[in-house]
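Here the structure comes first, spelled out in structure tokens, and everything after it is commentary.
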Amino acid sequence: MERAEVNITPKQVQQQQEFASLLAALLVAKYNEPPRAHIRTFGCQANEADSQRMAGQLLQCGFVLCDNPDDAQLILFNTCAVREHAEDRVFGNVGRLKQRRQTDKHLRVGLCGCMPQQEHVAKQLKQSFPFVDLVFGTHASPRLPELLYKLYSTGRRVYDISAEQNEIVEGLPIERGSGFSAFVPIMFGCDNFCSFCVVPLVRGRERSRKPEAILAEVRGLVQQGYKEITLLGQNVNSYNQDGYDFTRLLRELDAIPGDFWLRFTTSHPKDCTRELLDVMAAGQHICRHLHLPVQCGNDAILHAMNRRYTAQRYLDLARYAQQVMPDISITSDIIVGFPGESYEQFCDTLEMLRQVKFASLFTFIFSPRKGTKAADLPDEVPRSEKVKWFEQLTALQGELGAQLCQSLVGCTLRVLVEGQGKRLALAGRTAGNQIIEFNGPEDLIGTFVDVEITQANGWKCEGEIT
Ligand code: SAM
Ligand code: SF4
């Protein structure tokens, strides 16, 4: 188990260790064997990284981790609030535990992360989900041992949705899910306030970790044999510690010796610079994959979204990236049916797809989020119409993505082997984030291999190890 960054003071880090020891002793007395805990994570990689930190804390508290929630005595839902659909899934999953919670006297259920950080959701949880034992938001999560100690020592429900946001310090345990691929958060929160987005409301103001801490963590991971390191932040391009910016950080991380890939996400087009793309192009370890969410291709809608770039600025960036790195893979996020968007404006997004030729997309239908500006805008296009636009978008991307995959046939690419494939024995990803399946022994998992792409079925590629 390693140590990670946290959002509490050094004194509080020590306090949490003390709570973990107290809880561990209490759990030994209560259960004959270490109780099993399961974390179910919804949403983005920031949530995955938080769950890895909470998993480290659970181990410190005397739990063992299990993959199957049916075997667990503590089930923790780490939730996402970005769209209503994500919230509904959480409510459905938690609701299904009601009966088991009432009959199984050892079971405890917790819900944390972005959802309860919204006041109206916290209220709803309190009223409609009384069987949930523990509710806490993103700001309280580094204090998990303390919250669990309160729950297990009093037997009473624990709620902590404080909005208090402290400085970043280093030092809580972390249990990474993989021995070869690691997330390294470099910054927290977001100050951009895109008009559709709840993230700044639930994750607080933007704050960056110290470069020395990030460099030390990445050096340590490379020494331990990690092959893929993904730097995380809602807008990594605005990383800044007293003038030390993201391009400098990336350059210094790239200079670390070893055989590893460096990725980063997410980039914001308003802050992504040609200098950054030049650093990527010159990099030894930096994957030529740029996740650059465009959201839409029409200037009036981009303005209403408060994205602060134009479609032309986006295209210029994408073209420059493709010029300095002809093999770059650009991926993006798109929202269909933002309030006030017309079909003609939506067609500008389709044109953006044709111009950029994204390798893949995350596509969403606009979901109004309480507390955001866009939630109050008049929205006259019916959902059935938005679904048709959405289908048109995904069909076009299907065609363009398949063409890109087809163009890889005959190429030999470096692949990080990630696990078992669905059709062939193994599956892995290229530096461009393309999934490839191929045959080979399982002991290759976690290593780099060269694979010749032999066929493309739609956006899926298959190949042979060379
Ligand atoms: N920080 C990243 C950025 O600026 O691109 C994105 C973070 S957000 C968790 C991931 C994606 O969710 C966004 O890029 C956007 O496409 C989508 N999203 C956010 N709010 C949404 C909403 N209210 N309705 C639909 N999609 C939304
Ligand atoms: Fe949300 Fe915009 Fe911040 Fe991304 S940059 S997290 S979309 S507010």
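Computed over heavy atoms, backbone and side chain alike; hydrogens, waters and symmetry mates excluded. Remember, it's 1-based here, ligands and their atoms both numbered in the order they're listed.
- Assignment of Arg307 to the shell around ligand 1 is supported, since a heavy atom sits closer than 4.0 Å.
- Using bins of under 30°, 30° to 60° and over 60° for the plane-to-plane angle, the ring pair Phe129/Phe91 lands in the parallel bin.
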Checklist entry - Yes or no on salt bridge (Lys or Arg N to Asp or Glu O under 4.0 Å) for Arg248 and Glu252, after CA distance, side-chain angles and deciding distance? => result CA-CA 6 Å; Arg248 184 168 167 201; Glu252 294 193 11; 3.1 Å; yes
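- Under a 4.0 Å heavy-atom criterion, Asn235 is not in contact with ligand 1.
- In this structure, the side chains of Thr331 and His289 come closer than 4.5 Å at one or more pairs of heavy atoms.
- Of the protein's non-hydrogen atoms, the one nearest atom 5 (O) of ligand 1 is Pro293 CG, 3.0 Å.
- Judged by the 6.0 Å distance and 45° axis criteria, Arg274 is positioned over the aromatic ring of Tyr320.
- Listed by number with element, the atoms of ligand 1 under 4.0 Å from a non-hydrogen atom of Arg83 are 24 (N), 25 (C), 26 (N).
- Summary of contacts: the protein heavy atom closest to atom 24 (N) of ligand 1 is Ser367 N, 3.0 Å.
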Next on the checklist: I'd like to know whether Asp271 forms a side chain to side chain donor-acceptor pair (under 3.5 Å) with Asn235, so could you lay out the CA-CA distance, the side-chain angles of the two residues, the decisive distance to 0.1 Å, and finally the verdict.
Outcome noted: CA-CA 8 Å; Asp271 298 312; Asn235 174 8; 2.7 Å; yes
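- Side-chain N or O atoms of Ser208 include one that pairs as donor or acceptor with a backbone N or O of Asn240 at under 3.5 Å.
- Every N/O-N/O distance between Ile335 and ligand 1 stays at or above 3.5 Å.
- Close contacts between ligand 1 and Phe366 involve ligand atoms 24 (N), 25 (C) [criterion: under 4.0 Å to a heavy atom].
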Next on the checklist: Please determine whether salt bridge (Lys or Arg N to Asp or Glu O under 4.0 Å) holds for the pair Glu217 and Arg176, giving the CA-CA distance in whole Å, both sets of side-chain angles, and the decisive distance to 0.1 Å.
Outcome noted: CA-CA 13 Å; Glu217 185 173 345; Arg176 299 186 195 277; 2.7 Å; yes
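- Protein heavy atom nearest atom 1 (N) of ligand 1, with residue, atom name and distance: Gln234 O, 2.7 Å.
- Only protein N, O or S atoms were scored, and 1 of them lie under 2.8 Å from atom 3 (Fe) of ligand 2.
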Item to check | Lys460/Glu437 under salt bridge (Lys or Arg N to Asp or Glu O under 4.0 Å): CA gap, chis, key distance, verdict | outcome: CA-CA 8 Å; Lys460 285 185 189 159; Glu437 294 208 5; over 6 Å; no
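- Under a 4.0 Å criterion applied to the non-hydrogen atoms of Arg307, ligand 2 contributes the atoms 2 (Fe), 7 (S).
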Item to check | Check against side chain to side chain donor-acceptor pair (under 3.5 Å), Asp160 and His139 | outcome: CA-CA 9 Å; Asp160 192 331; His139 301 303; over 6 Å; no
Item to check | Worked check of side chain to side chain contact (heavy atoms under 4.5 Å, CB included) between Met187 and Ser238 | outcome: CA-CA 9 Å; Met187 60 191 300; Ser238 66; 3.8 Å; yes
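- Using cut-offs of 30° and 60° on the angle between ring planes, the pair Phe260 and His285 is parallel.
- Among all protein heavy atoms, the one lying closest to atom 12 (O) of ligand 1 is Val82 CG1, 3.6 Å.
- Nearest residue to atom 20 (N) of ligand 1 from Phe364, Phe196, Phe362 is Phe196 (criterion: closest heavy atom).
- Checked against a 6.0 Å centroid threshold, the rings of His268 and Tyr309 count as neighbours.
- Ligand-side atoms of ligand 1 in range of Arg369: 23 (N), range being under 4.0 angstrom from any heavy atom.
- In terms of protein heavy atoms, atom 3 (C) of ligand 1 is closest to Thr266 CG2, 3.9 Å.
- Ranking the protein heavy atoms by distance from atom 15 (C) of ligand 1 puts Gln295 OE1, 3.5 Å first.
- Distance alone, capped at 3.5 Å, places no donor-acceptor pair between the Gln322 side chain and the Ile328 backbone.
- For atom 11 (C) of ligand 1, the closest non-hydrogen atom on the protein side is Asp333 OD2, 3.4 Å.
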Item to check | Audit row: Phe364, His85, ring-ring contact (aromatic ring centres under 6.0 Å, His included) steps and yes/no | outcome: CA-CA 10 Å; Phe364 311 98; His85 176 67; over 10 Å; no
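- Judged by the shortest distance from any of its heavy atoms, Ile365 lies inside the 4.0 Å radius around the atoms of ligand 1.
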